[in-house]
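Presented below is the structure to which this report refers.
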Protein chains: 2
Amino acid sequence: MVVYAGQGDPERTLALLWRTPGDGPPRRGPKPALTVDAILAAGIAVADESGLDGLSMRAVGERLGKTAMALYTYVPTKRELIDLMYDHAHAGLVPGLPGDWRQAVEAWAVALHERYLRHPWLLQVSHARPVLGPHEQTVLERLLEVLPDVAVRATVSALFSLVRGSARTIAENRGAAAGTGTSDQEWWTARSRLMNDLVPDFADRFPRSAGLPPVAWDKAAREAFAGGLNLLLDGLENQAGRRNG
Amino acid sequence: MVVYAGQGDPERTLALLWRTPGDGPPRRGPKPALTVDAILAAGIAVADESGLDGLSMRAVGERLGKTAMALYTYVPTKRELIDLMYDHAHAGLVPGLPGDWRQAVEAWAVALHERYLRHPWLLQVSHARPVLGPHEQTVLERLLEVLPDVAVRATVSALFSLVRGSARTIAENRGAAAGTGTSDQEWWTARSRLMNDLVPDFADRFPRSAGLPPVAWDKAAREAFAGGLNLLLDGLENQAGRRNG
DNA sequence: AACAATAGCTTATGCCGTAAGGAGTTGGAA
DNA sequence: TTCCAACTCCTTACGGCATAAGCTATTGTT
């Protein structure tokens with residue numbers, strides 16, 4: 001499932017995101033048994049455990065001892081709930097970054113990468129038409145504070161692509177391992193055996209791929225992330241240096 | 001929806017992917033009214049029009065004048081159908097690449113980027129536990145043929161992240177525009193007005209973000225892709241040069 | 001005491017993937 | 001020629017989903 005942000009009533013969503021205090025007259029009916037925060041926490045817990053596909057209004061309600069429909073008093077639709085969860089899960093990232101810009105950018109990328117791995121469902125929420133909540137905005141602001149003054153737009157975009165792409169690969173890998181019960185090694189050896197039988201001329205047709213098994217083990221993927229980040233930062237340093245001298 | 005590849009019977013899937021000819025005895029029952037290829041084409045057409053969320057077995061069957069259940073004779077599950085569609089949609093990419101490695105890598109990335117934009121649902125199929133069909137394998141092999149002999153693993157990973165990340169942003173943006181009926185400009189100005197009302201101190205709290213509106217218009221996103229690719233290739237050239245001299 | 005507003009329930013609608021099983025069609029064996 | 005095994009494709013059914021509609025019970029205000 002891919003979720004596009006901000007489809008509901010934008011005013012209501014933004015008010016919830018930025019927590020404009022309810023300005024209406026004092027509430028009249030029965031006391032609310034829930035809060036938006038409690039629903040958020042429950043939703044994040046469910047999504048952490050079962051992914052965004054396992055996040056149903058029923059499941060969130062059940063975790064709070066309520067029915068699915070009870071949530072609709074607090075949150076307009078499931079989409080808005082995910083928007084709120086998304087922003088909330090970005091809270092408290094990178095409070096302080098080192099002074100050296102290259103180290104700082106690297107630290108930023110690693111921290112975001114780790115956050116994505118802690119809440120893999122974040123990667124299923126679209127990055128276009130941004131939610132623009134306070135916490136994700138802070139993450140972006142921190143990066144902009146340390147980025148050298150060159151190709152900012154392209155660098156931001158490339159960094160997000162790299163971090164999200166790598167995290168996605170690792171998260172999906174973990175999900176596949178957990179969901180199927182077969183480890184990477186098991187899967188790969190079984191797959192290799194089958195391929196040998198079915199496509200015996202594989203090594204002839206794809207000599208370089210055959211020499212580079214496209215396995216995305218956790219460790220290999222992390223190294224690839226570090227290496228890719230290094231490449232990008234090299235390029236950035238190069239361009240910044242060229243510009244300044 | 002995110003789809004993990006290769007969950008079904010791996011042998012059957014691989015046989016379908018690589019089209020090991022049906023080796024059994026001559027068919028006995030009524031003549032098949034469908035073919036796997038026809039189902040694939042119909043599935044791709046549906047996914048192109050309505051995305052992977054709109055891809056239901058009922059919809060694919062309907063396009064072929066059949067019921068949903070008729071498809072299950074040819075394809076074990078929906079998942080396998082998506083795997084087959086995924087590989088098929090990679091066919092015929094980058095038949096020839098220029099001699100200069102930097103130009104070649106750039107051409108490869110641009111071609112893949114365009115392919116993703118033509119079939120945005122490709123981006124919703126997981127890249128972990130690869131489908132390993134012949135067409136996607138060819139795409140990887142072409143890249144490996146032209147890549148300089150440095151940090152191959154990291155470069156491949158970073159390139160895929162960049163291409164997929166950028167394409168995802170653009171595709172999601174288009175999807176949001178098409179789905180909501182509001183253009184980027186409309187959306188952005190409306191959102192700005194609301195933010196001004198709800199968060200009047202935004203520019204004070206996020207001065208750099210405020211100076212860099214995180215809009216992902218088609219054109220801006222394409223430029224960001226080109227710029228990010230340049231950064232990465234600069235870094236690669238840098239490392240390759242350092243190694244060779 | 002009466003009322004307006006609100007919370008949270010039950011019910012219902014129309015989607016989805018696909019399991020189960022039945023009806024009709026075909027080629028080969030007897 | 002007859003008959004059956006193999007095969008295609010259908011109908012039906014199940015349990016899941018988001019959420020619309022409408023009901024009841026609770027609360028603060030008048």
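Naming: A, B, ... by sequence-line order, numbering from 1 per chain.
- One can place CZ of B:R79 at 17 Å from P of C:dC16, the figure rounded to the nearest angstrom.
- Spacing between atom CG of B:L55 and atom C1' of C:dC16 amounts to 12 Å, rounded to whole angstrom units.
- Using the six-membered ring where Trp is involved, A:F225 and A:H113 have ring planes that are parallel, under 30° apart on the 30 and 60° scheme.
- Distances were taken from every side-chain heavy atom of B:P30 (C-beta onward) to each of D:dC7, C:dT18, C:dA5; the shortest belongs to D:dC7.
- Atoms CG (B:L34) and C1' (D:dC7) sit 14 Å apart, rounded to a whole Å.
- One interatomic measurement links the two molecules: CD of B:E62 to P of C:dG17, which rounds to 13 Å at whole-angstrom precision.
- Residue A:K78 contributes atom NZ, which lies 14 Å from atom P of D:dA20 at whole-angstrom precision.
- Comparing B:M69 and B:K31 against DNA chain C, the residue whose closest nucleotide sits nearer the 5' end is B:M69.
- Between B:L64 atom CG and D:dT8 atom P the separation is 16 Å, expressed in whole Å.
- Nearest-nucleotide positions on DNA chain C for A:A68 and B:M57 put A:A68 closer to the 5' end.
- A side-chain donor-acceptor contact under 3.5 Å links B:S161 to the backbone of B:S157.
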Problem set entry | CA sep, side-chain torsions, deciding dist, call: A:Y116, A:V163, side chain to side chain contact (heavy atoms under 4.5 Å, CB included) | CA-CA 9 Å; A:Y116 284 147; A:V163 174; 3.7 Å; yes
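- Comparing C:dG8, D:dC10, D:dA18 by their nearest atom to the side chain of A:S56 picks out D:dA18.
- Atom pair A:Y72:OH and D:dC23:C1' shows a separation of 19 Å (rounding to whole Å applied).
- The interatomic distance linking A:E80 (CD) with D:dA18 (P) rounds to 14 Å, in whole Å.
- Dashed line: the shortest gap from a side-chain N or O of B:Y74 to OP1 or OP2 of D:dC9 is under 4.0 Å.
- Taking side-chain N and O atoms only, A:T67 has no distance below 4.0 Å to OP1 or OP2 of C:dG8.
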For this session: Show your working on side chain to side chain contact (heavy atoms under 4.5 Å, CB included) between B:Y74 and B:T35 and close with a plain yes or no.
Result: CA-CA 7 Å; B:Y74 303 90; B:T35 62; 5.9 Å; no
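- Both B:A70 and A:A59 sit near DNA chain D, but only B:A70 has its closest nucleotide nearer the 5' end.
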Problem set entry | Check against side chain to side chain contact (heavy atoms under 4.5 Å, CB included), A:M85 and A:L81 | CA-CA 6 Å; A:M85 287 166 51; A:L81 170 59; 3.8 Å; yes
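- Distances from the side chain of B:T73 to the nucleotides C:dT18, D:dT8, C:dC9 place D:dT8 closest.
- When each of D:dA13, C:dT10, D:dC10 is scored by its nearest atom to the side-chain atoms of B:R58, the top-ranked nucleotide is D:dA13.
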